[in-house]
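These values consider heavy atoms only, across backbone and side chains, with no hydrogens, waters or symmetry-generated copies.
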Amino acid sequence: MSSKSENTMDEMSSGAVYEGIVNALAEDYFDLYYVNVETGSYVEFGSVSEEGQTKTENRGDDFFAQSKEHMEKYIYKEDLEMVKKAIDREKLLEGINKYGGTYMLQFRQLVGGKPIYVSMKATRIDGDDHHIIIGVSNVESQVKDRRAAERALEERETYKRLAALNGTLLVLYYVDPDTGRFREFNASSEYRELGIDVEGADFFKTTYKNSDTAIYSEDHDLFHAQFTRERILETIERDGVFLLDYRIMLGDHPTYVGLKAAMIEEKGKRTLIIGVFNEDVQIRQEMEYVQNLSDAKKMASIDSLTGIRNKHAYSEWEKETNERIEKEEQEPFAVVVCDVNSLKAVNDLHGHKAGDVCIKNACERICDVFNHSPVFRIGGDEFVALLFDEDYSRRQELVAHINAIPSDPSKIRIGETISAGMAEFVQGQHTSLLSVFEEADKKMYERKQYLKSTVLKETPQVEGDPEPDYISVINSRKRLLIVDDMEINREMLAHILQDDYDFYFASDGFEALEMLRSHKDEIDLVLLDYFMPNKNGQEVIAEMQVDEELMNIPVIILTVDPETELDCLKSGAVDFILKPYPSIEIVRARVAKSIELSENRELIRFTERDKKTGVLNKEYFFRYIQRLDHLYKDCAMDAMVFDVNRFHSINKQYGRQFGDLVLRSIGTSLRNLARKTGGICCREGGDTFFLYGPHMDDYEQLICEFLSEVVAGKGFEDMVNLRVGVYTEAEQEPDTEERFAKAKIAAERVRDDSEEVCGVYDL
């Protein structure tokens with residue numbers, strides 16, 4: 001041992017000890033200790049003065065014991081246990097040895113009753129194994145600076161994660177709501193090209209200045225009126241969030257964005273968070289959906305044969321009328337139900353084309369007579385007129401006119417007379433439009449029976465054609481299937497919804513599927529319990545999804561487990577209701593909304609598809625081609641035409657029913673082919689079909705497989721011959737219809753006696 005280490009603590013001069021301390025530690029420590037680790041004796045040097053001299057000097061016998069005695073008073077309570085463990089002789093020496101001769105610890109010490117961050121550094125003196133130096137320094141300002149830097153880094157990392165999770169986020173601003181000072185976090189190179197300031201002293205003034213170049217000109221007035229400091233803060237105070245949709249110029253094109261602003265509070269300071277999101281694709285898709293829905297509703301409300309309103313339009317009118325009746329606000333009106341006499345005989349004797357002519361003539365006559373009233377075709381040969389105002393005042397005269405028939409029986413031709421019945425709405429007597437309709441329908445039926453037994457009794461009848469019983473054809477109430485293994489749950493739901501709906505019930509999954517298959521055309525929505533014996537709700541949905549007749553019936557899942565929500569929605573459910581059931585109004589609203597959304601989707605599906613074959617109709621097909629060109633913008637596209645050779649001969653030789661079977665088989669196989677190739681298909685008309693999609697190299701094999709699928713197991717392998725024409729690189733032809741005209745040219749090259757499977761027409 002060196003001579004220095006052999007001296008006792010009392011023999012050491014303060015100057016010599018201090019000199020050793022200064023050499024071992026930095027000058028910025030306010031408490032320094034020179035400690036004998038064997039005996040615990042120590043010398044304490046207090047804060048160092050500006051002149052470099054120590055202000056105090058204390059000695060003690062046991063540093064470790066005395067430190068623990070004073071800890072309760074000087075160490076912040078949340079750090080006390082940590083410091084006690086660290087200022088243990090064995091632990092401290094272990095730490096010094098482990099970390100190469102120096103051990104450091106950061107904690108909070110009470111100074112003037114307030115906690116400040118300090119750093120303790122314990123180190124050995126070179127050549128002396130019996131003593132250590134312990135220094136305590138004030139690091140409050142360094143900790144604050146480091147934490148501020150960490151927070152800034154964390155904010156940026158958080159923003160990066162947010163931007164990664166939400167690919168639509170363009171930019172995020174932190175704004176001081178009181179001063180207007182702001183910082184920008186930017187994740188979009190397109191947004192950066194706008195040249196907007198990334199920080200500044202007045203966010204609202206800067207934004208107003210930038211709006212002239214950044215915001216689409218047509219949205220300037222909207223943005224300036226809505227985006228003010230006062231309006232934003234007032235809206236957030238009231239609603240919790242401020243939202244604004246507008247367009248900015250990204251590149252050369254206006255892009256829809258959504259701005260969202262909210263207030264957060266951190267450590268007593270308010271910060272306004274403003275995010276701008278790219279919502280262009282979503283908003284344009286919603287606009288297209290609304291337009292498609294509007295077109296579909298318009299198409300779905302018009303009868304294709306006569307051009308007047310159809311049964312769907314009548315149902316909508318019925319709902320509105322019932323609401324007015326319930327509120328006792330309905331004006332006087334009458335319902336006239338009209339039916340074309342002997343239409344079935346016309347169809348049987350002369351064909352459906354002749355029957356269609358009779359329907360059109362009857363429609364024209366009804367509209368001429370009731371020319372101030374809405375007229376609907378609600379069935380094959382059945383029409384309804386709702387008489388208001390002038391027509392209502394002349395109702396008896398007009399009904400007599402529509403019922404008039406020639407006095408000379410020889411001039412009566414089948415299919416050219418009409419039976420009509422009328423009923424007048426009486427407030428208090430009739431509770432709905434349906435009740436008035438049923439009364440008028442019954443009178444029409446009585447009129448029809450009278451004519452059949454008198455002036456029309458010689459009208460040719462088809463043998464075996466029974467007279468139908470009186471059945472009302474209009475009923476606007478929806479029917480629900482409630483599936484639950486507990487009867488009390490089924491009864492509770494039915495009680496909640498009984499004012500608006502009729503019901504079927506099932507107690508398990510097997511019974512539910514049986515009920516669905518038996519009443520698939522009557523069930524508008526399924527309320528399905530998730531946990532059931534035998535077959536649970538998810539298994540029921542899985543079977544519905546692979547059954548073409550059931551897959552479009554909407555399902556709401558009922559369960560006590562919120563964790564199953566995502567699984568249910570992924571499997572095909574449209575909504576999710578937890579048990580115990582929420583308020584009655586929430587259950588009713590969710591049921592009504594699910595049915596409405598399902599009907600809207602069905603309207604679009606109904607109007608865009610050819611009803612006989614299931615492929616797209618021509619109008620929607622050409623509309624979707626534009627989408628496909630955009631989706632496959634870097635891919636060559638081909639137009640294909642499928643044509644049945646001498647289809648009129650097939651109909652003539654084997655009958656129209658057989659011809660329809662052929663068309664349906666082609667439609668089914670063509671849908672499968674479209675799925676394989678990533679394309680779309682339609683029925684252009686009659687016996688001609690179109691397919692459009694990405695280019696395929698081996699058309700011969702593809703078409704052979706398609707033709708085999710068309711005839712497989714159908715029994716008409718040798719009766720049907722198809723010609724197929726392909727126009728390659730069709731996307732280069734700007735005229736969409738011209739693409740298929742050229743594909744038809746290719747199809748014309750294929751002859752009956754040719755071994756060629758298909759013709760290919762190249763540019």
Side-chain angles (χ1 to χ4, degrees), residues 1-49 52-140 142-143:
M1 183 181 294
S2 66
S3 59
K4 183 176 181 179
S5 63
E6 292 172 351
N7 292 332
T8 65
M9 192 66 69
D10 293 334
E11 294 171 339
M12 296 172 63
S13 70
S14 299
V17 175
Y18 179 67
E19 186 68 26
I21 293 172
V22 170
N23 291 332
L25 301 173
E27 296 179 352
D28 57 345
Y29 291 94
F30 63 80
D31 272 321
L32 300 174
Y33 300 90
Y34 184 66
V35 183
N36 186 318
V37 295
E38 294 178 348
T39 66
S41 59
Y42 66 94
V43 177
E44 174 190 0
F45 296 88
S47 302
V48 180
S49 68
Q53 300 298 320
T54 58
K55 296 178 181 179
T56 60
E57 177 182 319
N58 295 314
R59 295 173 180 269
D61 298 327
D62 192 339
F63 172 80
F64 299 100
Q66 291 173 16
S67 294
K68 290 183 179 180
E69 290 177 5
H70 293 88
M71 282 184 189
E72 297 283 350
K73 182 177 180 181
Y74 294 109
I75 305 299
Y76 187 53
K77 61 181 180 179
E78 292 185 5
D79 297 343
L80 184 59
E81 289 301 318
M82 174 185 69
V83 177
K84 281 183 177 180
K85 291 179 181 178
I87 310 299
D88 176 82
R89 186 196 310 267
E90 286 72 19
K91 290 289 184 182
L92 189 60
L93 293 176
E94 181 183 336
I96 291 173
N97 293 331
K98 181 177 180 181
Y99 295 107
T102 298
Y103 175 73
M104 300 189 71
L105 179 69
Q106 185 173 288
F107 55 92
R108 284 166 289 186
Q109 183 171 315
L110 295 172
V111 176
K114 295 182 179 180
I116 65 167
Y117 278 94
V118 299
S119 176
M120 182 192 80
K121 179 179 179 182
T123 185
R124 290 190 181 279
I125 300 175
D126 290 342
D128 184 352
D129 295 332
H130 299 277
H131 296 87
I132 60 174
I133 304 297
I134 298 175
V136 181
S137 61
N138 186 334
V139 293
E140 176 75 6
Q142 295 97 310
V143 170

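- Between Glu72 and Lys84, at least one side-chain N (NZ, or NE/NH1/NH2) sits under 4.0 Å from a carboxylate O, which counts as a salt bridge.
- A distance of 6.0 Å separates OG1 of Thr123 from NZ of Lys121, quoted to the nearest 0.5 Å.
- For residues 71-106, no residue pair satisfies the ring pair (Phe, Tyr, Trp, His ring centres under 6.0 Å) rule, not counting sequence neighbours.
- Relative ring orientation between His131 and Tyr34 is described as parallel, the plane-to-plane angle staying below 30° on a 0-90° scale split at 30° and 60°.
- Other residues, nucleotides and ligands place more than 12 heavy atoms under 6.0 Å from the CG atom of Asn97.
- In plain terms, the two heavy atoms of Ala86 and Leu105 that are nearest each other are CB-CD2, 3.4 Å.
- Smallest separation of non-hydrogen atoms from Ala122 and Ile134: CB-CG1, 4.0 Å.
- Residues Ile87 and Phe64 approach most closely at O-CD2, 3.9 Å, considering heavy atoms.
- Glu78 is not listed as a side-chain neighbour of Leu80, based on a closest heavy-atom distance of 4.5 Å or more.
- Gln109 is not listed as a side-chain neighbour of Val83, based on a closest heavy-atom distance of 4.5 Å or more.
- Within the structure, every pair that satisfies the salt bridge (Lys or Arg N to Asp or Glu O under 4.0 Å) test and touches residues 86-97, not counting sequence neighbours, is listed here: Lys68-Asp88.
- Here the CZ-CD1 distance, from Arg108 to Ile116, works out to 12.0 Å after rounding to the nearest 0.5 Å.
- Counting only heavy atoms from C-beta outward, the side chains of Lys98 and Leu93 never approach each other to under 4.5 Å.
- A donor-acceptor contact shorter than 3.5 Å is absent between the side chain of Ser119 and the backbone of Met104.
- The structure places CD1 of Ile132 at 10.5 Å from OG1 of Thr102, a figure rounded to the nearest 0.5 Å.
- Considering only heavy atoms from C-beta on, Val118 comes within 4.5 Å of Phe107 through its side chain.
- One distance of note links NZ of Lys114 with CD of Glu140; it measures 11.0 Å at 0.5 Å rounding.
- Taking OH from Tyr117 and CG from Asp79, the interatomic distance works out to 7.0 Å, rounded to the nearest 0.5 Å.
- The minimum heavy-atom distance linking Leu110 with Pro115 is given by the pair CD2-N, 3.9 Å.
- Checked for salt-bridge contact, Glu44 and Arg59 miss the test: no charged N lies under 4.0 Å from a carboxylate O.
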